[in-house]
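Structure, as structure tokens:
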Amino acid sequence: MKTRAVQILLILLCTTLAAALQDMLPAFGGTKAPLLLAFALHGAFAEASPAPRDRAAGDSPPLALRWICAALVAGAFEDALSEFPLGCATGFFLLAGVAARCLRTLVCAWSPAALGLVAVMAAAPLHEIWLSVWGVAGDDPAPLVRFFASALPAAPTGALVFALLPFVERLVGFDGPDAEGRSA
């Protein structure tokens with residue numbers, strides 16, 4: 001079951017589930033729990049402690065590009081569900097992913113839940129600033145209220161997503177030997 005097709009389906013299923021939950025959850029202070037942002041950040045932080053074989057040869061292309069695909073899909077869902085201009089959330093998710101990739105060696109000793117709590121709690125207010133700059137945030141409630149209120153639902157969301165996704169990924173073989181192109 002450790003095929004690339006299963007792994008791609010898992011990414012699509014998790015992104016779809018995160019988008020549906022994020023859309024259905026009630027808003028707090030004008031913002032919703034950033035499940036899609038948490039999913040995209042988790043993908044960027046996923047290889048925070050690379051295996052010895054990865055350190056010697058560098059990230060293999062599928063592992064190195066998986067976070068980009070997750071950020072693109074999550075950003076596209078966010079753009080579509082929130083009726084943002086094309087590339088608004090996608091651009092932020094990619095920039096947040098680049099920042100996460102730069103910081104991943106500094107936080108490799110952190111627990112997944114603590115990393116998720118801090119990363120998503122820091123990224124959610126920055127996302128609100130990004131939306132205000134794009135002019136899509138609106139004025140109800142005020143941008144300052146949304147800035148501070150966005151961190152509250154982001155903290156438990158990040159901790160939960162970062163704690164659960166590694167377990168799910170192990171079930172489909174993201175951490176094992178390289179996935180096969182097809183099953184035998």
Validation row: L35, L25 side chains within 4.5 angstrom (heavy atoms): yes
Point-to-point distance, once rounded to the nearest 0.5 Å, from CZ of F39 to CZ of F77: 10.0 Å
Check: F162 and L41 side chains under 4.5 Å, non-hydrogen atoms: yes
Min side-chain heavy-atom separation P166-H42 under 4.5 Å: yes
P34 and V120, any side-chain heavy atoms less than 4.5 Å apart: yes
Under 3.5 Å donor-acceptor, Q22 side chain and L36 backbone: yes
With L81 via side-chain contact (heavy atoms from CB on, under 4.5 Å) - residues at least two apart: A19, D23
Closest non-hydrogen atom pair between A119 and F45, with its separation: CB-CE1, 3.7 Å
T15 side chain reached by L12 side chain, heavy atoms, under 4.5 Å: no
Expected output: side-chain R146 to main-chain P141 donor-acceptor under 3.5 Å: yes
Euclidean distance, W67 CH2 relative to L94 CG, rounded to 0.5 Å: 6.0 Å
Sub-4.5 Å side-chain heavy-atom contact between F93 and V73: no
Straight-line distance of L144 CG to I129 CD1, nearest 0.5 Å: 10.0 Å
Linked, directly or transitively: V118 and L115 (ILVMFWY side chains, under 4.5 Å): yes
Under 3.5 Å: donor-acceptor pair, side chain of W130, backbone of P125: no
Non-hydrogen side-chain atoms of C14 and L165 separated by less than 4.5 Å: yes
S150 OG to K32 NZ distance, which is reported to the nearest 0.5 Å: 15.0 Å
Expected output: side-chain D79 to main-chain L86 donor-acceptor under 3.5 Å: no
Heavy-atom side-chain proximity of E78 to T90 below 4.5 angstrom: no
E169 CD to I11 CD1 distance, which is reported to the nearest 0.5 Å: 8.0 Å
L10 side, atom CG; L17 side, atom CG - distance, nearest 0.5 Å: 10.5 Å
